[in-house]
Amino acid sequence: AASGGVWLLTRPAPAPRAVTRTVINLPPGDRLAALDRSAVAISLDGKQIAYVATRGNIQQLFLRPMDGLEARPIAGTEGAVNPFFSPDGQWLGFFAGGALKKILVSGGAALNLTQAANSRGASWGSQGTIVFTPTTAAPFQQVLDAGGASQPLTRLEKGETTHRWPEFLPGGEAVLFAAGTVNSLQIAVYSPATGERRTLVLSGTLPRYAPSGHLIYVQQGTLMAVPFDAERLEITGTPVPVVEGVLQSAANGIANYSISADGSLVYISGGIEATQRKMVWVDRKGV
């Protein structure tokens with residue numbers, strides 16, 4: 001036992017994991033869509049990527065295995081936005097037609113879980129619950145992943161108009177999210193068991209938890225990381241920039257990236273983009 005203890009104390013530290021980078025190009029004719037929503041997600045095991053794209057005139061979800069060369073469209077996901085994986089990677093959740101839905105990644109019919117008119121994100125917990133924002137200006141609701149009536153989870157505090165972009169922490173005991181107004185979002189964490197809520201970052205959007213023990217979020221198109229104790233729900237260090245040029249919408253605070261439990265990061269490059277609008281004349285005949 002003594003010699004074993006000495007070996008544990010003196011053995012060399014494992015070499016840092018090598019970083020690899022790649023760019024995934026869409027097939028000719030396809031284009032990413034719904035970029036003012038969450039348009040990309042990676043499964044928890046890092047083996048699959050789902051994204052929203054338009055092929056022809058149809059917007060739907062596409063699934064690309066990381067060990068494959070091609071992505072395939074998922075029938076039954078027409079009009080989908082905000083994709084997210086189940087913890088086991090067997091299902092995809094998404095929003096379409098005013099509803100929260102799920103579909104097997106292997107194919108099949110999409111199943112309606114509950115109504116959600118204009119969602120701002122969702123997360124599928126390990127305990128069989130999905131937390132989501134039902135509309136653009138609302139607190140979170142929760143629903144069983146088998147479907148049914150949704151129940152309130154959080155409540156808006158004074159001065160807030162929205163809770164959005166939730167993320168269950170490992171074990172499903174707490175939820176990271178962005179709170180505030182569209183133009184002023186903070187990163188917070190909420191424990192359903194205790195009802196306790198804490199503000200973690202005064203300015204940021206789309207929080208995620210990295211398996212290295214970091215809270216990941218976006219500020220002004222830059223992916224930030226800060227050491228985070230997921231059990232005590234406390235920040236324990238100083239934030240540092242990780243990736244610059246992550247696509248972020250100035251209109252609603254969405255930032256298009258996703259991270260897996262094996263440390264894989266997928267994101268859409270870009271930066272802060274304002275909503276593009278133009279004035280048009282319309283006569284009474286609709287022309």
Are Y209 and F228 close enough, and set up right, to give a side chain to side chain contact (heavy atoms under 4.5 Å, CB included), and what steps lead you there? CA-CA 8 Å; Y209 179 74; F228 178 69; 3.9 Å; yes
Contact list for residues 81-93, test side-chain hydrogen bond (donor to acceptor under 3.5 Å, both in side chains), sequence neighbours left out: S86-D88
In plain terms, say whether R198 and E196 are close enough for a salt bridge, that is, a side-chain N and a carboxylate O under 4.0 Å apart. yes
Less than 4.5 Å apart, side chain to side chain, heavy atoms only: is that true for R55 and P27? yes
Test item: S43 side-chain N/O and Q48 main-chain N/O as donor-acceptor pair under 3.5 Å: yes
Partners passing side chain to side chain contact (heavy atoms under 4.5 Å, CB included) against P227 (at least two apart in sequence or in another chain): H214, T236
I would like to know whether V243 and T222 meet side chain to side chain contact (heavy atoms under 4.5 Å, CB included); could you show each step before the answer? CA-CA 6 Å; V243 178; T222 296; over 6 Å; no
So which of V201, V189, I187 actually passes side-chain contact (heavy atoms from CB on, under 4.5 Å) with I235? V201
Acceptor/donor pairs from residues 169-181 side chains to any protein atom, 3.5 angstrom cut, sequence neighbours excluded:
unit_1 : atom_1 : unit_2 : atom_2 : d
E173   : OE2    : Q127   : NE2    : 3.1
T181   : OG1    : S184   : N      : 3.3

Identified side-chain hydrogen bond (donor to acceptor under 3.5 Å, both in side chains) counterpart of T154 within the set Q141, Q142, H163: H163
So, the side chain of N256 versus the backbone of S38: is there a donor-acceptor pair under 3.5 Å, distance only? no
Can you give me the closest heavy-atom contact between P134 and P139, atom names plus distance? CD-O, 3.5 Å
Set of side-chain hydrogen bond (donor to acceptor under 3.5 Å, both in side chains) partners for N118, sequence neighbours left out: R37, R120
Backbone of T135 reached by a side-chain donor or acceptor of T133 within 3.5 Å: no
Please lay out, stage by stage, how L223 and Y257 fare under the test side chain to side chain contact (heavy atoms under 4.5 Å, CB included). CA-CA 9 Å; L223 197 69; Y257 80 96; 3.7 Å; yes
Test salt bridge (charged side-chain N to carboxylate O under 4.0 Å, His left out) applied to K158 and E160, step by step: CA-CA 6 Å; K158 184 178 180 180; E160 292 181 345; over 6 Å; no
Exercise answer: donor-acceptor pairs, residues 57-64 side-chain atoms, under 3.5 Å, sequence neighbours excluded:
unit_1 : atom_1 : unit_2 : atom_2 : d
Q59    : NE2    : A80    : O      : 3.0
Q60    : NE2    : I74    : O      : 3.3
R64    : NH2    : G68    : O      : 3.3

When you compare the side chain of F85 with that of L44, does any pair of heavy atoms fall below 4.5 Å? no
Would you say D283's side chain and K285's backbone share a donor-acceptor pair under 3.5 angstrom? yes
Ignoring hydrogens and angles, write down the donor-acceptor pairs under 3.5 Å from the side chains of residues 100-107, residues two or more places apart or on other chains.
unit_1 : atom_1 : unit_2 : atom_2 : d
K102   : NZ     : D145   : O      : 2.8

